[in-house]
Amino acid sequence: MARVLVTGGAGYIGSHTMVELLAAGHEVVCLDNFCNSSPEAVERVQAITGRPVRLFTGDVRDRSLLDALFRAAPVDSVIHYAALKAVGESVARPLAYYENNLAGTLTLLQAMDAAQVRRIVFSSSATVYGAPQRLPIAEDAPLAPFNPYGHSKAMVEQVLRDWCAAAVAAGRPAAAVALRYFNPVGAHPSGRIGEDPAGTPSNLFPFITQVAVGRRAELAVFGNDWPTEDGTGVRDYLHVVDLARGHVRALDWLVAHGGFVAINLGTGRGISVLQMVQAFERATGVRVPYRVVARRPGDIAACWADPALAQRLLGWQATHTLEQMCDSGWRWQQANPDGYRSQAARPGR
Ligand code: NAD
Ligand code: WQD
C-alpha cells in the first residue's frame with residue numbers, strides 16, 4: 001500500500017476520495033487551506049473509516065510548507081484537488097484563478113521534484129472541452145475552454161505533459177494522470193460527508209437539495225429552449241463515490257506506467273435538468289418547485305462523456321444509478337441542512 005498526499009482533501013471530492021483511499025488500505029496525508037471547506041470534513045472521514053488522516057493546514061502555494069510536509073511525511077503519490085472551481089467567479093477574478101490553480105500546481109510540482117515524488121493524479125474537468133463539436137466526448141476531442149477556470153485546467157494539463165516529458169528524457173521516472181470529471185453529484189451513503197458549497201450554489205444538484213430542504217424557495221431552470229429532448233440542458237452526472245474510486249484506480253495506473261495521460265470520468269449518459277428534477281422527486285418523495293428563466297451566459301446545450309478509455313486503462317466504470325445519486329445527496333442534505341457550517345466557522349477565502 002502507498003502513502004498518498006491529497007491536496008484539497010477536505011473538499012467535496014477530496015473527502016470522498018480520502019474515504020476510498022483509506023478503505024483500500026492506503027495511508028493518507030491531507031493538505032488544505034480550508035478556503036472552501038471545513039476541518040469537520042476531515043474529522044468525519046476519520047470517523048467513517050476508523051483510520052487516521054495526517055492533516056497539514058496550509059496553502060499549496062507555500063513552498064516551504066510543502067518542503068516541510070514532504071520531509072515530515074514522505075509520500076509515494078499526490079492527488080491534486082486544491083483549486084478554485086467556480087466558472088462564473090473565474091471570469092470576474094481571472095488572476096486569482098491562474099494564481100491558485102496554475103501557479104499553485106507549479107509550486108507543488110517543484111516541491112515534488114525536490115522531494116523526488118514522481119506520481120500525480122490531477123483534477124481536470126470536462127470544461128477543458130468547451131462547447132463539444134460532437135457527442136459523446138472522447139479524450140481526443142479538441143481542447144477549447146472558454147473561461148479562465150477551464151483555461152487554468154487545460155494549462156495545468158500542458159504543464160504535466162511537459163513535466164513528464166522532461167523527466168523521461170532525463171531518465172527520471174514521472175507519471176501523471178489528468179482525470180477530466182464531468183458532473184459529480186451525490187454523497188457518501190452515510191450522509192456524513194457531502195457537497196457543501198459556500199453561498200448560493202452555482203451547480204444544479206446542490207441547488208436542488210437546498211430547495212428540497214427548504215433553504216431556497218424554488219429552482220431556476222436556465223432555459224428550456226435548448227436543442228435537447230425536453231429543451232433543458234443535458235449533462236453527464238456521476239456519483240461522487242464512483243468518481244473517488246476512479247482516483248484509486250488511477251493511482252494503480254501510475255505505479256505501473258510512466259508519462260502523461262488524460263482520461264474522462266463520466267457515465268456516458270446525458271441527463272437533462274428536468275430529468276434530474278424528476279429523478280430527485282421520485283427518489284426522495286420531495287417536490288422541487290421550479291421556474292424556467294433565461295439561459296445562463298456561458299452555458300452549453302449538452303455534454304456527456306465517452307468513458308471507454310477509463311474502462312480500458314483503469315478498469316473503471318461508473319456503477320451508481322441516478323436514484324442512488326439523488327438518494328445519497330438528499331440523505332447528506334437532510335442530515336446537514338447547513339452543511340458543515342454548524343460544526344465550525346469557515347475561514348475566509
Ligand atoms: P472543493 O472546493 O470542495 O474542494 C477544493 C478544496 O481545495 C477545498 O477544500 C479548498 O479549501 C482547497 N483549496 C483550494 N485552494 C487551495 C490552496 N491554494 N491550498 C490548499 N487548499 C486549497 O471542490 P471540489 O468540487 O471537491 O473539486 C475538487 C477539484 O476537482 C478541483 O480542482 C475542481 O476544479 C475539480 N473539479 C470539480 C468538479 C465539480 O463539479 N465539483 C468538476 C470537475 C473538476
Ligand atoms: C448543470 C445544468 C445548467 C444550476 C459546472 C462547471 C464545470 C464543473 C461542473 C468544475 C446546466 C443547469 C444549473 C441552476 C440550472 N465544475 N442549471 N439551474 O455548468 O455543467 O458545469 O460544474 O470543474 O466546470 O462549469 O454544471 O451544475 O452548473 O449546471 O438550470 O440553478 O443545470 O444550465 O444545464 P455545469 P451545473
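Bear in mind that the values here come from a model prediction, so they are computed numbers and not experimental data. Quick note: residue numbers are just sequence positions, from 1. Just so you know, ligand 1 is whichever comes first in the structure, and atom 1 is the first atom listed for that ligand.
Listed for the Arg331 side chain is a donor-acceptor partner under 3.5 Å among the backbone atoms of Pro189.
For the pair Phe222 and ligand 2, the shortest N or O to N or O distance falls below 3.5 Å. Backbone and side-chain nitrogen or oxygen atoms of Asn203 are examined, and one is located within less than 3.5 angstrom of a nitrogen or oxygen of ligand 2.
Using a 4.0 Å cut-off between charged nitrogen and carboxylate oxygen, Glu99 and Arg61 count as a salt-bridge pair. A salt bridge links Arg235 with Asp299; the closest basic N to acidic carboxylate O contact falls under 4.0 Å. Taking a cutoff of 4.0 Å between a charged side-chain nitrogen and a carboxylate oxygen, Asp76 and Arg118 do not qualify as a salt bridge. A salt bridge between Arg180 and Glu157 is present, with a side-chain N of the basic residue lying under 4.0 Å from a carboxylate O of the acidic one. In summary, Asp67 and Arg71 do not engage in a salt bridge, as defined by a charged side-chain N under 4.0 Å from a carboxylate O.
Using a 4.0 Å cut-off to heavy atoms of Thr127, the atoms of ligand 2 that qualify are 7 (C), 24 (O). When each atom of ligand 2 is checked for a heavy atom of Ser125 under 4.0 Å away, the hits are 23 (O), 24 (O). Taking every heavy atom of Leu219 and a limit of under 4.0 angstrom, the matching atoms of ligand 2 come to 18 (N), 31 (O). Interface atoms of ligand 2 facing Tyr149, defined by a heavy-atom separation under 4.0 Å, are 10 (C), 23 (O), 24 (O).
Contacts with ligand 2 closer than 4.0 Å are made by no heavy atom of Val234, backbone or side chain. Contact annotation: for Arg296 versus ligand 2, heavy atoms closer than 4.0 Å belong to the side chain alone. Here Tyr237 has side-chain heavy atoms under 4.0 Å from ligand 2, and that is the only part of it that gets that close. With a heavy-atom cut-off of 4.0 Å, Val273 touches ligand 2 through its side chain alone. The side chain of Asn183, and not its backbone, has at least one atom closer than 4.0 Å to an atom of ligand 2 (non-hydrogen atoms only; side chain from C-beta on). Contacts with ligand 2 closer than 4.0 Å are made by heavy atoms of both the backbone and the side chain of Leu204. Proximity of Tyr181 to ligand 2, defined as any heavy-atom pair under 4.0 Å, is not found for any part of the residue. Only the backbone of Ser202 comes within contact range of ligand 2, with a heavy atom under 4.0 Å; no side-chain atom does. Residue contacts with ligand 2 for Ala220 involve N, CA, C or O but no side-chain atom from C-beta outward (heavy atoms, distance under 4.0 Å).
Not less than 6.0 angstrom separates the ring centroid of Tyr129 from the ring centroid of Trp304.
Taking the side-chain hydrogen bond (donor to acceptor under 3.5 Å, both in side chains) definition, one finds that Tyr81 meets it with Thr17, His247, sequence neighbours left out. Glu281 is linked by a salt bridge (charged side-chain N to carboxylate O under 4.0 Å, His left out) to nothing, counting only residues two or more places apart in sequence or in another chain. His188 meets the side-chain hydrogen bond (donor to acceptor under 3.5 Å, both in side chains) test with Ser190; sequence neighbours excluded.
Within a 6.0 Å radius of CZ in Arg216, more than 12 heavy atoms belonging to other residues, nucleotides or ligands are found.
Of all the listed residues (Lys85, Arg216, Arg235), Arg235 holds the heavy atom that lies closest to atom 11 (C) of ligand 2. For atom 6 (C) of ligand 2, the nearest non-hydrogen atom from the set Val292, Val87, Val221, Thr228 belongs to Val87.
A side-chain N or O of Tyr181 and one of Ser123 form a donor-acceptor pair less than 3.5 Å apart. With 3.5 Å as the limit, one finds a donor-acceptor pair spanning the side chains of Glu89 and Tyr97. For the residue pair Trp163 / Asp113, a side-chain donor-acceptor distance below 3.5 Å is found, with atom types taken as modelled.
Looking only at protein heavy atoms, the nearest one to atom 33 (O) of ligand 2 is Asp299 OD2, 2.5 Å. The closest protein non-hydrogen atom to atom 34 (O) of ligand 2 is Gly233 CA, 3.5 Å.
Protein neighbours of ligand 1 below 4.0 Å, counting non-hydrogen atoms: Gly8, Ala10, Gly11, Tyr12, Ile13, Asp32, Asn33, Phe34, Cys35, Asn36, Ser37, Gly58, Asp59, Val60, Arg61, Tyr81, Ala82, Ala83, Lys85, Asn100, Ser123, Ser124, Ser125, Tyr149, Lys153, Tyr181, Phe182, Pro184.
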request  = Show your reasoning for whether side-chain contact (heavy atoms from CB on, under 4.5 Å) applies to Arg245 and His320.
outcome  = CA-CA 11 Å; Arg245 290 173 179 164; His320 287 72; 3.7 Å; yes
